[in-house]
Chemist: 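Pasting a structure below so you can have a look.
In the text below, chain A, chain B and the rest are named by the order of the sequence lines, each starting its count at 1. Just so it is clear, the values below take in all heavy atoms, side chains as well, and ignore hydrogens, waters and symmetry mates. The structure displayed is predicted, hence computed values, not measured ones.
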Amino acid sequence: MGKTIVEKILSSHSKKDVCAGEIVVADLDFCMGQDGTSGIIIDSFGSMEMQNVFDTKKCTMVIDHSAPSPLQEVSAVHKKMRNFVKQQEISLFDIGCGVCHQLLPEEGLVVPGDLVIGADSHTCTYGAINVFSTGMGSTDVAAGFATGKNWFKVPETIKFDCFGKWPEGVFSKDLILYIIGNLSANGATYNAAEFIGKAIDVLSVEARFTIANMVIEMGAKCGIMLADKKVCEWVKEHSSRSFLPVGPDEDAKYLDIKEYDVSNLEPQIAKPHTVDNVCPITQMEETYIQQGFLGTCTNGRIEDLEIAAKILSGKKVHPDVRFIVAPSSRRVFLEAIKKGILQILVEAGAVIVTPGCGPCVGTHNGVPSDGEKVISTANRNFKGRMGNPNAEIYLASPATVASSVIEGKITDPRKYLET
Amino acid sequence: MKSYGESKMRFQGKVHKYGININTDEIIPARFLNTSDAVELAKHCLEGLDEGFIHRVSTGDIIVAGKNFGCGSSREHAPLAIKECGISCVIAETFARIFYRNAINIGLPIVESKQAVKDAQTGDEILVDLEKGTINNLTKKRLYKTQPFPSFMQELMKVGGLIEYVKKKTG
């Protein structure tokens, strides 16, 4: 019987012919920890009584969740990580390098067909370039560091067939928010989500990362896409590793097939306090905001900054609003400087912070006050997510965030993009 | 990190009942991730959801929650905080997958049962027997069967969690 992409990747990595539902022990191509989770990785690695990681080239640590350190306790974790990577002779992406999920593909560390685990739930991001990547806890990743293996239950796959012509002002973020609203926060729990169709084909690789990044918000184990010509070229530009794209068999068995026509999609908003609390922007009541945030592993890439600059060019951020921008990596930061994007954003009143996760995860760089409303390009709006349980977070595309910080209230970006 | 091997398989305690989609930011906010000290983490357990919880919880108590418990971040600090504050077992309709693995790995007993969750109320006295696969709501006088763990996971639990499993395989 035919196989799905994830059945094929888990079969090749376990050297067994496996189907959905089976539990396998599989070989890992890459393992990652970040500064929120690496403290326990290092502890668990020690408890396993292991001397060395399985492969120094296949493990990395990233300091992105609190970078640079806002507290001495965090500094202690960072120091522990720096000592560990030196001792183990593995790579470290220190403060300023960027968000882990931008770095792994951008640095060419992961390629199509790979099996990757990371101690961060948004590790699913690399599915956009045909990688089976999934988030796990620290002890699971420590087991990966130690042995180069971990166990997986082969997931069933839900296929999302996306077609139609993208309307102006509507982006991949709007589609994934719509899908999550449609399926609910646990609509794909334990499953793989496979995205195919003409509406995916026309997206840039960057825009595809946004979709794969957010599948965890409906419980999915991974969000996987085909390695088409665009992906293969993108990967070759970033990596020297050879790879073999993995596609599904024609008679592959799916748990469900869902169809989405993007032609009539509107910009979407996820309202507080759950990501599946989604409505079209045209159904939003007037909502004044005090902060806007553009960045994260979801939407901190060059084209995200570019669309924001296009909207904000020659305009000012509303006087009642703070607008915080975090490029997703140093590379993105530099490119945005070269392209003049940061000049436009800063002139409009934006505050640029170090590439990293801080504002999204509430560790520093823009914790909102009680009763404040924030519009953000991030992937989570849970209560307390940005560091204050008495603030409210609305999620949207970079264009919607840029339009909203101009007007001081949640604003449909289409009025700023009509030509 | 205590293993299952050392822990008992029966847990009895009072219920603290919560709703659906309890996420890890509610269980332990990211600003506390700078420590892996379980005692310190436990002081902030469920702070984002129910500030009074930590003052009401007693050793042996049981959290009962709806579907998708532990969704969100991969932070292992979440099950660590729950375990350390005295909770003996979490019963949910379903668990988010990363939390599910983390709980097994660190030795926090978890069981799934839709009906037991539906019937239970805060304050009920519940007895969970992992070996028999039963949940007994002593207050409501109702007995439920739990979903059995896959055999691979039973093996993991038998040797005492993932750390012991790796030690055994590599030792």
Chemist: Using heavy-atom distances under 4.5 Å, tell me whether A:V74 contacts chain B through its side chain, its backbone, both, or neither.
Modeler: both

Chemist: So which of B:R31, B:K167, B:R101 has the biggest tally of heavy-atom pairs under 4.5 Å with chain A?
Modeler: B:R101

Chemist: Go through A:D120, A:D35, A:T189 and name the one with the most non-hydrogen pairs under 4.5 angstrom from chain B.
Modeler: A:D120

Chemist: Contact part of A:K221 toward chain B, heavy-atom cut-off under 4.5 Å: side chain, backbone, both or neither?
Modeler: both

Chemist: Do A:S184 and A:D276 get their side chains close enough for a donor-acceptor pair, meaning under 3.5 Å?
Modeler: no

Chemist: Please name all residues satisfying side chain to side chain contact (heavy atoms under 4.5 Å, CB included) with B:E40, sequence neighbours left out, ordered by chain then number.
Modeler: B:T35, B:D37, B:K43, B:H44

Chemist: Does the side chain of A:H122 pick up a donor-acceptor pair with the side chain of A:N379 at under 3.5 Å?
Modeler: yes

Chemist: Regarding B:Y144 and B:N137, do their side chains bring together a donor and an acceptor under 3.5 Å, going by distance alone?
Modeler: no

Chemist: Decide if atom NZ of A:K153 counts as having more than 12 heavy atoms of other residues, nucleotides or ligands within a radius under 6.0 Å.
Modeler: no

Chemist: Sort out for me which of B:S151, B:A78, B:S36 touches chain A most, counting heavy-atom pairs under 4.5 Å.
Modeler: B:S36

Chemist: Between B:N102, B:N23, B:T24, B:L162, which has the largest tally of heavy atom pairs under 4.5 Å with chain A?
Modeler: B:N23

Chemist: Could you have a look at A:G39, A:G362, A:G36 and say which one has the most heavy-atom pairs with chain B under 4.5 angstrom?
Modeler: A:G36

Chemist: What part of B:I98 gets closer than 4.5 Å to chain A, counting heavy atoms only: side chain, backbone, both or neither?
Modeler: side chain

Chemist: Will you find, in the side chains of B:E76 and A:T37, an N or O donor that is under 3.5 Å from an N or O acceptor?
Modeler: no

Chemist: More than 12 heavy atoms of other residues, nucleotides or ligands under 6.0 Å from NZ of B:K140: yes or no?
Modeler: yes

Chemist: Any donor-acceptor pair under 3.5 Å linking the side-chain atoms of A:D140 with those of B:N105?
Modeler: yes

Chemist: Using a 4.5 Å heavy-atom cutoff, which residues in residues 48-68 of chain B come close to chain A?
Modeler: B:G48, B:K67, B:N68

Chemist: Using non-hydrogen atoms and a 4.5 Å limit, figure out which bit of B:T94 sits close to chain A: side chain, backbone, both or neither.
Modeler: side chain

Chemist: Before accepting this row, confirm whether a basic side-chain N of the pair A:R380/B:D25 lies closer than 4.0 Å to the acidic partner's carboxylate O.
Modeler: no

Chemist: Quick check for you: among A:V25, A:T134, A:V141, which has the greatest number of heavy-atom pairs under 4.5 Å with chain B?
Modeler: A:T134

Chemist: Based on non-hydrogen pairs under 4.5 Å, which of A:G384, A:P389, A:S121 is most in contact with chain B?
Modeler: A:S121

Chemist: Run through B:I91, B:I135, B:V15 and flag the one making a side-chain contact (heavy atoms from CB on, under 4.5 Å) with B:V117.
Modeler: B:I91

Chemist: In terms of heavy-atom proximity below 4.5 Å to chain A, should B:P29 be classed as side chain, backbone, both, or neither?
Modeler: neither

Chemist: Kindly assign one of parallel, tilted or perpendicular to the pair B:Y100 and B:F149, based on the angle between their ring planes and the thresholds 30° and 60°.
Modeler: tilted

Chemist: Select one option (side chain, backbone, both, neither) describing which atoms of B:T170 are under 4.5 Å from chain A's heavy atoms.
Modeler: side chain

Chemist: Under a plain distance cut-off of 3.5 Å, with no hydrogens placed, do A:N186 and B:N21 share a side-chain donor-acceptor pair?
Modeler: no

